[in-house]
Amino acid sequence: MPELPEVEVVKQGLTPHLLGQSIRQIITSEKPLRFPIDRNHFNTTLQSKTIITIERRAKYLLIHFNDQHVLICHLGMTGQFHILPQTAPTLSHEHVRIDFHQGQSIRYRDPRRFGFMLLTTSAQLPQHPRLIHLGPEPFSAHFTPRYLEEISIKSHKAIKTLMMEQTVVVGIGNIYASESLFHSNISPLRKANTLLPDEIEKLIQAIQKILHDAIEAGGSSISDFVKADGQPGYFSHQFRVYGRENSPCYQCQSTIERITQLGRSTFFCPSCQQ
DNA sequence: ACGTGTACCTGCACGC
DNA sequence: TGCGTGCAGGTACACG
């Protein structure tokens with residue numbers, strides 16, 4: 001999925017199309033997403049409700065309605081939204097279609113079906129089981145060197161594993177973990193509890209810079225990621241290590257390596273990152 | 001309790 | 001061309 005930058009770009013792309021729209025009907029495919037959608041419940045609850053705000057929390061999109069209901073959306077690995085006229089043909093792997101009274105529709109397409117949509121209320125949102133365990137946003141005042149130090153000092157895990165845990169800090173996935181570690185010259189294999197204070201500080205700054213730059217660039221153009229208007233983003237042109245196995249490091253010409261950590265690929269420069 | 005492996009699902013790129 | 005294999009941005013759960 002989309003990691004934090006991609007979800008943020010999707011939010012920004014969708015917002016002008018969705019604010020003020022009121023729901024006519026919701027149509028779902030037969031195949032379930034990660035969690036099956038109760039179509040009748042969705043329709044009964046959201047019929048004629050109006051979208052008033054869209055926010056992002058971690059990698060979740062939260063669509064708020066005028067009656068305090070909230071639609072929690074997660075894009076999984078391959079989720080996409082498209083804004084199309086209701087008359088447009090059904091997309092391949094289209095699993096949810098929300099028609100608005102104004103004639104447009106939003107289509108949720110997700111080939112691997114790892115994404116999901118859940119309905120809740122704004123009152124229940126803070127306690128929602130999907131959100132309650134989330135750590136701080138990487139740009140928030142809570143994500144400080146002191147905070148990360150307290151967590152890492154107690155952890156025997158590799159730093160790359162730790163920084164991808166959404167209970168520690170939200171929004172960092174497999175791509176931006178590798179990119180942030182390269183930018184801070186820290187090996188992904190380092191145990192979290194061996195990081196020095198200045199390395200932790202450097203890592204936080206790298207995470208914030210990488211995520212910020214990716215949002216600016218419109219998210220990464222991995223094939224499954226499409227912005228709300230259907231156009232791919234361009235941050236992947238700026239990847240320093242991700243997907244660059246056996247290619248020369250841009251800084252030192254050493255060969256970029258790919259290793260596996262917890263079943264996921266990690267890319268790094270064994271010379272620049274210690 | 002914690003850390004790791006694996007399942008969930010489809011498409012695509014690659015080598016033979 | 002066709003088939004098998006491995007890999008893909010996510011999370012949740014079952015193990016040891």
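Sequence lines set the chain letters: A, B, ... in the order given, protein chains first and strands last, and positions in each chain run from 1. Predicted model, so just to flag it, every value in this text is computed and none were measured.
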**Complete:** Of the candidates B/dT10, C/dG10, B/dT4, the side chain of A/E3 sits closest to C/dG10
**Message:** Any strand counts, and the cut-off is 3.5 Å on both contacts for Watson-Crick or G-U wobble. Which nucleotide pairs with C/dC3?
**Reply:** B/dG15
**Message:** Just N and O in the side chain of A/K154: are any of them under 4.0 Å from OP1 or OP2 of B/dC2?
**Reply:** no
**Message:** Given the structure, check if the side chain of A/R112 and the base of C/dA8 hold any donor-acceptor pair shorter than 3.5 Å.
**Reply:** yes
**Message:** I need the NZ-P distance between A/K191 and B/dC2, as an integer number of Å.
**Reply:** 17 Å
**Asked** Is a side-chain N or O of A/E137 found less than 3.5 angstrom from the main chain of A/A58, in a donor-acceptor match?
**Response** yes
**Message:** Taking the cut-offs as 6.0 angstrom to the six-membered ring centre and 45 degrees off its axis, would you call A/R244 and A/Y250 a cation-pi pair?
**Reply:** yes
**Request:** Using distance alone, with no hydrogens and no angle criterion, decide if A/N193 and A/K157 have a side-chain donor and acceptor under 3.5 Å apart.
**Result:** no
**Request:** Measure from CG on A/L75 to C1' on C/dT11 and round the result to the nearest Å.
**Result:** 13 Å
**Request:** Scan A/S265 against the nucleic acid and name what it touches under 4.0 Å (heavy atoms): base, sugar-phosphate only, or nothing.
**Result:** sugar-phosphate
**Interatomic distance where CE belongs to A/M77 and P belongs to C/dT11 [whole Å]** = 10 Å
**Request:** Could you measure between the two P atoms, the one in B/dC9 and the one in C/dC3, and give it in whole Å?
**Result:** 24 Å
**Asked** Whole-Å distance between B/dC9 P and A/H93 NE2?
**Response** 14 Å
**Asked** Counting only side-chain N and O atoms of A/K157, is one of them less than 4.0 Å from OP1 or OP2 of B/dC2?
**Response** no
**Request:** Let me know, please, whether A/G263 or A/S155 comes out on the 5' side of the other along DNA chain B by nearest nucleotide.
**Result:** A/S155
**Item:** Integer-rounded Å distance: B/dG5 P and A/M164 CE
**Value:** 14 Å
**Request:** Could you tell me the separation between the CZ atom of A/R258 and the C1' atom of C/dG6, rounded to a whole number of Å?
**Result:** 9 Å
**Item:** Residue pair A/S92 / A/R109, side-chain donor-acceptor N/O under 3.5 Å
**Value:** yes
**Any A/R264 side-chain N or O less than 4.0 Å from OP1/OP2 of C/dC7** = no
**Message:** Of the listed nucleotides (B/dT10, B/dT4, C/dT11), which one gets closest to any side-chain atom of A/L262?
**Reply:** B/dT4
**Message:** Rounding to an integer number of Å, can you tell me how far A/Y242 OH sits from C/dC7 P?
**Reply:** 12 Å
**Prompt:** Say you pick atom C1' in B/dG11 and the same atom in C/dA12; how far apart are they, in whole Å?
**Reply:** 23 Å
**Prompt:** Has A/F114 got its ring stacked on the base of B/dC9, with centres under 5.5 Å and planes less than 30° apart?
**Reply:** no
**Asked** A/H133 NE2 to C/dC13 C1': how many Å, rounded?
**Response** 14 Å
**Fill in**
Of C/dC7, C/dG10, B/dG11, the nucleotide closest to the side chain of A/H74 is C/dG10
**Prompt:** Any donor-acceptor pair under 3.5 Å linking the side chain of A/N174 with the backbone of A/S265?
**Reply:** yes
**Prompt:** Does the base of C/dT11 carry an N or O that pairs as donor and acceptor with the side chain of A/R34 under 3.5 Å?
**Reply:** yes
**Request:** Answer yes when A/E149 and A/R146 have at least one side-chain N-carboxylate O distance shorter than 4.0 Å, and no when they do not.
**Result:** no
